[in-house]
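Only one structure is covered here, and it is reproduced in the block below.
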Amino acid sequence: MATEIASRYRVSLREVAACCEPTVEAALEFREGRRR
């Protein structure tokens with residue numbers, strides 16, 4: 001599902017996965033690669 005969303009909206013899979021983080025700060029850290 002995440003792959004389909006990433007493809008549909010032309011964003012990276014990392015961007016989609018960042019949306020699943022519990023806080024904005026965690027999402028930004030994940031997106032920037034500071035968290036796995």
Side-chain angles (χ1 to χ4, degrees):
M1 177 132 190
T3 305
E4 182 180 328
I5 292 169
S7 176
R8 179 177 295 165
Y9 294 103
R10 295 188 179 122
V11 296
S12 72
L13 192 53
R14 182 169 278 285
E15 293 283 329
V16 176
C19 293
C20 299
E21 293 293 320
T23 65
V24 172
E25 291 82 9
L28 291 173
E29 288 178 5
F30 181 87
R31 191 182 77 194
E32 293 170 2
R34 290 187 278 166
R35 288 187 56 224
R36 300 199 295 115

### A18 versus A27, closest heavy-atom pair with distance
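Distance-wise, the nearest heavy atoms are O-CB, 3.2 Å.
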
### Query
How far apart are the closest heavy atoms of F30 and A17, and which atoms are they?
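Between these two residues, the closest heavy atoms are CE2-CB, 3.5 Å.
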
### Any residue meeting salt bridge (Lys or Arg N to Asp or Glu O under 4.0 Å) with R10, in chain and number order, not counting sequence neighbours
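Once residues adjacent in sequence are excluded, R10 has no partner under the salt bridge (Lys or Arg N to Asp or Glu O under 4.0 Å) criterion.
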
### Task
Can you measure from CZ (R31) to CZ (R14) and round to the nearest 0.5 angstrom?
10.5 Å

### Query
If you group Ile, Leu, Val, Met, Phe, Trp and Tyr whenever their side-chain heavy atoms sit less than 4.5 Å apart, what else falls in with Y9?
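For the cluster that includes Y9, the remaining residues are M1, I5, V11, V16.
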
